[in-house]
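Below: the structure, in C-alpha cells.
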Number of protein chains: 4
Amino acid sequence: MKQKMIDVSIHLFDKKGFTETSIQEIVDELGVTKGTFYYYFTNKQELLTTIHLNFIEFLLKKQEEILQDEAKDSREKLRAMIYMVLQSINERKKSARIFFREMRNLGPKYLEQNVEKRDQFRKNLQQLVEEGIHKGEFQEDLHADMVTRGILGMTNWSYYWYNPEGDVSAEELTDIYVEILLNGINKSD
Amino acid sequence: MKQKMIDVSIHLFDKKGFTETSIQEIVDELGVTKGTFYYYFTNKQELLTTIHLNFIEFLLKKQEEILQDEAKDSREKLRAMIYMVLQSINERKKSARIFFREMRNLGPKYLEQNVEKRDQFRKNLQQLVEEGIHKGEFQEDLHADMVTRGILGMTNWSYYWYNPEGDVSAEELTDIYVEILLNGINKSD
Amino acid sequence: MKQKMIDVSIHLFDKKGFTETSIQEIVDELGVTKGTFYYYFTNKQELLTTIHLNFIEFLLKKQEEILQDEAKDSREKLRAMIYMVLQSINERKKSARIFFREMRNLGPKYLEQNVEKRDQFRKNLQQLVEEGIHKGEFQEDLHADMVTRGILGMTNWSYYWYNPEGDVSAEELTDIYVEILLNGINKSD
Amino acid sequence: MKQKMIDVSIHLFDKKGFTETSIQEIVDELGVTKGTFYYYFTNKQELLTTIHLNFIEFLLKKQEEILQDEAKDSREKLRAMIYMVLQSINERKKSARIFFREMRNLGPKYLEQNVEKRDQFRKNLQQLVEEGIHKGEFQEDLHADMVTRGILGMTNWSYYWYNPEGDVSAEELTDIYVEILLNGINKSD
DNA sequence: AATGAATGAGCGTTCATTCAT
DNA sequence: TATGAATGAACGCTCATTCAT
C-alpha cells in the first residue's frame, strides 16, 4: 500500500504539482481514506522526500557504475553518462519532473540532505571532466565547473520537452549532444 | 499601484512560489487590503500571466533585435543570443525563475498564449541555426531542432544555479558556452 | 461581532471545555462561517487569552479600588476583598470557571502574561495581610503567604460549587467566611 | 500491563490534560500498540473513570479511618482530616490534579457515580462539623454546610499551588490551616 | 480607488475506535 | 495477549473571491 501510494503520488504530483495535489486525491485514487495515508507517512512532505531521494539515489548509483568502469576512457564515460541521464529522465520522467520542480517544498531538513546528493552528482561529473583534461582527452584550458554546468543544462533540460516517442530516440539524442560537446557545430574551414 | 503589485508579487512568487504566496501577503507588503488587489486584477492567475507575458515578450523583443542585425553572421548572432539569454535571465532572475517554474499555474486559457510565445522564441533560434547551416557556417548534417534544444538547455538552465557575483561573469560564461557549442571540448589530435 | 464571539465562546467553553468546543460550534451559534472567526482572531488560543485577560484585569481593577480605600482598616479591606471575589466569581461565573480550569491551553507566551497577573493579585492580597499584621489588627506570628493561600482557596473554590440561587447569598457567605477567618470556629472556653 | 497503562496515563493526563493526551502517546510510552489498549479498556473514558475512582475511593477509605477513631474528639478529627487531605493531594499529586480538573470528560454515566462519592466525602466532613457543634466543641450558630465548603476550599485548592519541597511542610501547613479555622487570624483585644 | 466584512470550499492532520489475525 | 491496517469523523486553519459602501 505504501508503494502504491508513492506511485500514484508520483503520477499526481507530476500532473498537477505537489501543492496542487491534495491527499484526498491520492487516497481517492486507491479507494482508501486519508487516515490510511497517515498510517504510512508522517506528513505530505515525507512522501515528497521519499520520491526525491529515490530518484537521486538511483541516479547516483548509475553514475557510480559508469565511473568505475575501467574499460572506458573519459570520452566514453562522458557519453555513457549523458546517455544515462537522458535515459533516466526519460524512463522515470514523472519522478524527474518532480525532482527538478518541487525542490522548494521539501522543507529545510530534507532539503539539505537532498542538495548534498545533487551536489555530489554534479561534482562526480565535474571530476570526470577534470580527469579527461589531465589525461589529455579534453582541452587544457577548460573551465571544468562551467563546462559541467553546461552539460547538465543540456541533459537535464530534456525533462522539460523531450518526448522519446518523437522522431529522435534517446540514443540519437545522446549522439547529437555528445557530438556537439566534443566537436562543436562549427563548420571547420 | 498595479505595477507595485506586480513587483512585490515577482519578489514573493520567486521566494515562496505562486501557490504558496497568498494575496494577503502581497497586499500586506504594500499596506493595502485585498479588495484593492481585485480592483486591479480579476484573479490571481491574471497576475501570474502578466508576469509571464512581460518576461517572454521582453525576450522576444531582444531576440528580434539580434535577428535583424544585418551586420552579424550566424555565428555572431548565436553568440549574441546566448549572451542575451544569460544576461536576461540574470538581470530579471526572479521573473525568469517564475517563468520556468510556474507554468502549470497559468490555467489553460493563458497557458496557450504563453506556450505560443515560448515556441516562437525557440523557433526563432532554430531558424538561426538552420540559416547557419545553409550559409555553410555550421555543419550540414546537424539536427537543427535538437541542437536548438541543447543550446536552450545550456542557457536556460542557468536560472537554476548561475550567480553573477561568483567567479564567472555573464560575458565569460557566454564565451565558454559559445566555445563549447562551436568547437567542442575535444582535444583535436 | 467580535464581542458576540467572545460571549458565545465564554458560554461554550464553560459548558463543554475549551478543547472540547470547536470553532464550528462557536460560529454556528452566530449563524456565520469559520472564515469570519479567523477574520477577528488569529487563532483559537488568542480568543481564550482574551477571555482570561478580561477576567483577571477586571479582578485586579476591583482589587485596586479596595486597596486604595483609605477609609477602611485591614479587616474591612479583607472583608471587602472576600466579598468582591465571591461576587465576581459569581457574576462572571462562566469566565471564572474558564479562568480556573483552562490555563493549560493558553500557550507559553500568553501563559506567562497571565500568570504574572494572577501572581499580582495574590501578592496584593498578601500585602494586605502583612499590613494588618504590622498594624496590630492580625496576629503577629502569622505565615502571611500561607494564610493568603488559604483565603484564596476558600474564596476561589466557590467557582466549583457556589450557587447564589441557593439558601446562602453572597453577602451571607462573605459573613461566614470572614467570621471563620477572623475568629475561627472554635468554641471559646 | 493494565496497571502500567493507568500509571503512564496518570502521568500524561496530568502533564498534558486528558483530551490533549492521545492513546497513541500512552501506548508508545509502553512500547505496545493501540490494539493492546483496547484489550484492557473499552474506551478512553473508562480509563479516566478508573483513575478518578481510585483516587476518591482512596480518600474515602482514609476518611473512614479517621472518623472511626474513637480516641479523637472533633477538633482532633478535623485536624487529622485536613492533614490527610493535604497529604493525599500531595502524595498523589498527579491523580489529584486529574481528579479536580478532568471531571467534565467522564461522560454522564461515570460522572454520576463519581459525583456521588465526592458528595459522600463532603458530607462526611460536614457531619464531623455538625458533631463538633453538637458536642460543644465548635460554635453553635455555624452554617455547617458553608463551613465545610470553606474547609474543603482551603485544602483542595492546595492541588493548585502547594509544593512540599518549599519552605512549608504538609504538617506545618496543616497547623496553619487548623489554627485559622479554629481560632481565626484576629488579634484578640 | 479602496476598504472591511464575510463566505465557502478545501486542506493537512489527528485520533478514538474497529477488527481480522 | 497483542498486532497492524484501516476507517471516518472532526478539527484548526487558509485563502481566493465577492460585494456593499
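Lettering of chains follows the sequences in order, A, B, ..., and the numbering in each one begins at 1. Note that this is a predicted model, so its numbers are computed, not measured.
- Taking the six-membered ring where the residue is Trp, A/Phe99 and A/Phe55 present tilted rings, their angle falling between 30° and 60°.
- Taking the nucleotide of DNA chain F with the nearest heavy atom to each of B/Thr42 and A/Val32, the more 5' of the two is matched to A/Val32.
- For C/Phe37 and F/dT14, the CZ to P distance is 11 Å, given to the nearest whole Å.
- Residue A/Tyr39 has no polar side-chain atom (N or O) positioned under 4.0 Å from OP1 or OP2 of F/dA6.
- When heavy atoms are screened at a 4.0 angstrom cut-off, A/Thr21 is found touching the sugar-phosphate backbone but no base atom.
- Using a cutoff of 4.0 Å between basic side-chain nitrogens and carboxylate oxygens, D/Glu102 and C/Arg104 are scored as salt-bridged.
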Pairing string of DNA chain E (Watson-Crick or G-U wobble, both atom distances under 3.5 Å; | = paired to other strand) is .||||||||||||||||||||

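- Considering only side-chain N and O atoms, B/Tyr38 lies under 4.0 angstrom from the phosphate OP1 or OP2 of F/dT17.
- Phosphate contact (OP1/OP2 of F/dA5, side-chain N/O of A/Thr36, threshold under 4.0 Å): absent.
- Residue C/Gln45 contributes atom CD, which lies 13 Å from atom C1' of F/dC13 at whole-angstrom precision.
- If you measure from atom CD1 of A/Ile23 to atom P of F/dG8, you get 18 Å, rounded to the nearest angstrom.
- Under the 30°/60° scheme for interplanar angles, the aromatic rings of D/Tyr160 and D/Trp157 are found to lie parallel.
- Under the 3.5 Å distance criterion, the side-chain polar atoms of A/Lys2 are left unmatched by any main-chain donor or acceptor of A/Tyr39.
- Rounded to whole angstrom, the span from the CZ atom of B/Phe41 across to the C1' atom of E/dA1 amounts to 14 Å.
- In this structure, D/Leu47 atom CG and E/dA16 atom C1' are separated by 13 Å, rounded to whole Å.
- Map D/Tyr40 and C/Lys44 each onto its nearest nucleotide of DNA chain F; the residue landing nearer the 5' end is D/Tyr40.
- In this structure, D/Lys94 fails the cation-pi test against D/Phe13, since its NZ or CZ atom is not both closer than 6.0 Å to the six-membered ring centre and inside 45 degrees of the ring normal.
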> Can B/Thr42 and B/Glu46 be said to form a side-chain hydrogen bond (donor to acceptor under 3.5 Å, both in side chains), step by step?
Replying inline: CA-CA 7 Å; B/Thr42 55; B/Glu46 200 202 73; 3.0 Å; yes

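- With rounding to whole Å, A/Lys2 atom NZ is found 14 Å from F/dG4 atom C1'.
- Taking only distance into account, the side chain of C/Lys34 never meets the base of E/dT7 through a donor-acceptor pair shorter than 3.5 Å.
- With a 4.5 Å cut-off on side-chain heavy atoms, D/Arg92 and D/Ile10 do not count as touching.
- For the OP1/OP2 pair of F/dT7 and a distance below 4.0 Å, the side-chain nitrogens and oxygens of A/Thr33 include at least one atom meeting the criterion.
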